Number of protein chains: 2
Amino acid sequence: MNERKGHQSISFGEEVYIISGASVVGKKEGEGPLGPCFDEVEKDPLAGAKTWEQAESTLQHRAAVRAIEKAGIKNTDLRMIFAGDLLAQCTASAYNLAQLDVPVYGLFGACSTMGEALSLAAMAVAGGFGEYVMALTSSHFASAEKEFRFPLAYGSQRPLSASWTVTGSGACVLAGEKSGARITGITTGKIVDFGLKDSLNMGACMAPAACDTICTNLQDFSRQPEDYDKIITGDLGSVGQQILFDLLEKQGYDIQRQHLDCGMLIFDDAVQDTHAGGSGCGCSAAVFTAYVLPKIVSGEWKRVLFLPTGALMSKVSFAEGQTVPGIAQAVVVEHVPQEN
Amino acid sequence: MNERKGHQSISFGEEVYIISGASVVGKKEGEGPLGPCFDEVEKDPLAGAKTWEQAESTLQHRAAVRAIEKAGIKNTDLRMIFAGDLLAQCTASAYNLAQLDVPVYGLFGACSTMGEALSLAAMAVAGGFGEYVMALTSSHFASAEKEFRFPLAYGSQRPLSASWTVTGSGACVLAGEKSGARITGITTGKIVDFGLKDSLNMGACMAPAACDTICTNLQDFSRQPEDYDKIITGDLGSVGQQILFDLLEKQGYDIQRQHLDCGMLIFDDAVQDTHAGGSGCGCSAAVFTAYVLPKIVSGEWKRVLFLPTGALMSKVSFAEGQTVPGIAQAVVVEHVPQEN
């Protein structure tokens with residue numbers, strides 16, 4: 001039974017399940033702490049393609065195909081795919097989706113896109129609009145540096161607040177068929193602009209939005225942080241995490257025991273020199289499918305609040321001195337006990 | 001009663017209504033054949049802002065505020081906005097939405113985005129996920145030229161197949177409350193790639209996708225072209241229109257009596273030197289809200305198939321020699337007779 005909660009949340013009851021998840025990442029991600037968890041580690045940064053953008057499309061394609069296979073369906077069984085990436089005009093997704101021959105809705109939510117895709121896919125399944133629906137996102141370190149920052153060959157210095165864009169993709173198939181993990185609710189994020197302008201400190205730009213979405217979720221569902229085994233942000237990194245804790249403390253919430261951040265999980269900064277942590281549409285998608293989802297399915301975590309976070313900016317908005325607003329899209333995912 | 005039709009369509013029954021539509025356009029659009037139809041014509045190309053991107057955000061903001069006012073609601077009554085634009089990382093939408101204080105899902109479907117936004121907003125209302133939901137898109141001639149083509153000061157020659165990006169924005173509020181126009185169905189588009197690479201002939205790139213979505217819609221709903229008073233594409237322009245007719249003829253359909261194209265409606269090429277027609281996310285949104293929707297509400301048109309079309313490309317994909325795939329997202333909008 002679908003029910004609107006508060007002003008920004010929806011409760012889905014027992015209607016939406018994640019029946020498969022798949023992840024494909026790059027070499028550096030494969031060398032990180034979660035290396036063994038990913039379905040595939042591609043060691044060639046170009047993934048056999050000619051450009052960084054095509055490489056990203058290739059990884060996204062492989063993640064989608066693997067999630068379809070794991071779900072035991074065919075691509076033509078998918079009623080729709082919600083997909084997005086970080087590139088201008090979301091071309092990484094477009095060239096992958098052109099091959100998949102599936103109806104498509106393209107999304108842009110910066111690094112929050114996997115939260116947005118899961119939210120809309122859940123609505124589509126819960127509303128009876130699709131039997132099988134996919135949520136799919138990707139990012140690539142080199143295509144993102146080219147899109148937002150400097151040519152790699154410059155060897156630019158990176159401040160310690162900077163994150164390292166994850167090369168990778170994650171895909172989930174959602175359906176009404178019972179599985180070990182169900183999406184029981186969502187909280188739609190608002191864009192929150194604290195006036196920050198430092199695109200090399202995206203954690204600080206996104207933390208206010210994460211705080212806003214977490215507080216709203218807790219209020220809309222009448223929950224406390226302890227009602228979640230984990231509250232998992234997308235890519236705040238170590239700098240953004242501390243700001244989130246400080247902001248939430250002012251709202252009367254302490255989530256330090258529950259909080260994990262996909263960007264902090266995927267790399268080991270001490271060894272991999274990734275500074276504040278991983279980021280990108282592919283970061284939260286790959287960590288969710290490879291690490292979070294299996295723990296929910298196994299029952300190690302019973303209820304998780306997963307909220308990918310996005311910093312909304314472009315190289316033009318940066319050059320024009322605009323602020324970097326943030327957004328966080330939240331999904332509640334719960335363990336479903338196996339019936340014997 | 002919501003019902004899935006075929007593999008790509010959904011029938012909504014009598015649950016989703018468009019309760020308001022608003023449009024704000026630029027000077028050139030105001031001088032075109034539809035000039036008197038728009039809610040507001042802004043004569044300053046910068047709309048009082050400092051950059052083209054901010055000007056676009058400003059127009060989008062005004063369209064959103066007008067649609068909210070026309071619906072007789074407050075911005076905080078909106079459960080969610082589906083919004084997008086053509087700029088890299090959809091910044092025109094981000095900076096507008098940051099001011100509106102409403103939950104947001106960001107979209108990218110190139111010039112098909114208004115079709116996508118209306119489709120997802122209709123699903124949200126039909127699924128009971130939102131009382132009031134907005135669909136909102138924008139484009140701006142100068143921000144689009146900067147994003148995709150050449151600096152305006154170059155005075156580049158434009159081939160006759162080129163379109164002229166519309167400066168404007170359109171917004172609709174959807175709800176379950178009865179109004180003069182209801183969305184009775186949607187057909188989700190697939191990405192169709194015919195291998196064309198000419199970004200100055202987007203009509204040709206998008207026509208195959210329009211053909212695909214129209215055929216699928218007719219088949220999924222067991223209809224003939226005559227079952228629609230009008231079949232209205234987004235921005236194929238005069239070149240794309242002829243290709244669409246040819247492609248449909250091969251499928252056994254003749255839509256020449258029903259077909260209109262928003263890009264061909266908004267400008268008068270003979271007077272305005274706009275070549276193939278208007279284009280951009282704002283083109284189909286402004287023409288739909290200013291011209292199409294009133295004719296449906298009045299009953300002049302009883303049933304319309306509205307399908308904005310998008311050419312999926314970026315300046316990077318163009319520079320790398322990639323193709324320009326197309327997509328078309330269709331919405332069926334029907335007249336609702338007034339009860340006395």
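The model shown is predicted, which means the values in this text are computed figures rather than measured ones. Lettering follows sequence order; numbering is per chain, from 1.
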Contacting moiety of [X], where chain A heavy atoms sit under 4.5 Å:
X	value
B:A110	neither
B:K50	neither
B:L86	backbone
B:S112	neither
B:E3	neither
B:D101	both
B:L312	both
B:Q99	neither

### Winner by heavy-atom pair count (cut-off under 4.5 Å) against chain A, out of B:G106, B:A98, B:S93
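The answer is B:G106.
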### Message
Between B:I327, B:I10, B:I81, who has the most heavy-atom pairs with chain A when the cutoff is under 4.5 Å?
### Response
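The residue among B:I327, B:I10, B:I81 with the greatest pair count is B:I10.
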Taking all non-hydrogen atoms of both residues, which atom of [X] and which atom of [Y] are closest, and how far apart?
X	Y	result
B:G127	A:N2	O-ND2, 4.2 Å
A:A94	B:I191	O-CD1, 3.7 Å
B:Q54	A:Q322	CG-NE2, 3.4 Å
A:P103	B:Q8	CG-CG, 3.4 Å
B:A88	A:S314	O-CB, 3.6 Å

### Task
Report, by ascending residue number, the residues of residues 113-124 of chain B in heavy-atom contact with chain A at a distance under 4.5 Å; give 'none' if the set is empty.
B:E116, B:S119, B:L120, B:M123
### Query
Under 3.5 Å, is there a donor-acceptor pair between the side chain of B:Q329 and the main chain of A:V104?
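It does hold such a pair.
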Atom pair [atom1] ([X]) and [atom2] ([Y]), whose distance is rounded to the nearest 0.5 Å:
X	Y	atom1	atom2	result
A:F108	B:D85	CZ	CG	10.0 Å
A:H7	B:L78	NE2	CG	12.5 Å
B:C90	A:Q89	SG	CD	8.0 Å
B:M80	A:I186	CE	CD1	5.5 Å
A:S11	B:F129	OG	CZ	10.5 Å
A:Y105	B:T188	OH	OG1	3.0 Å

### Task
Identify which of A:L97, A:T51, A:D193 forms the greatest number of heavy-atom pairs closer than 4.5 Å to chain B.
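Most heavy-atom pairs under 4.5 Å with chain B: A:T51.
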### Query
Are more than 12 heavy atoms from other residues, nucleotides or ligands located less than 6.0 Å from atom CZ of B:F221?
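More than 12 within 6.0 Å, yes.
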### Query
Side chain, backbone, both or neither: which part of A:S143 has a heavy atom under 4.5 Å from chain B?
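Neither part.
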### Message
Just to verify, what does A:Y95 make a ring pair (Phe, Tyr, Trp, His ring centres under 6.0 Å) with, not counting sequence neighbours?
### Response
none
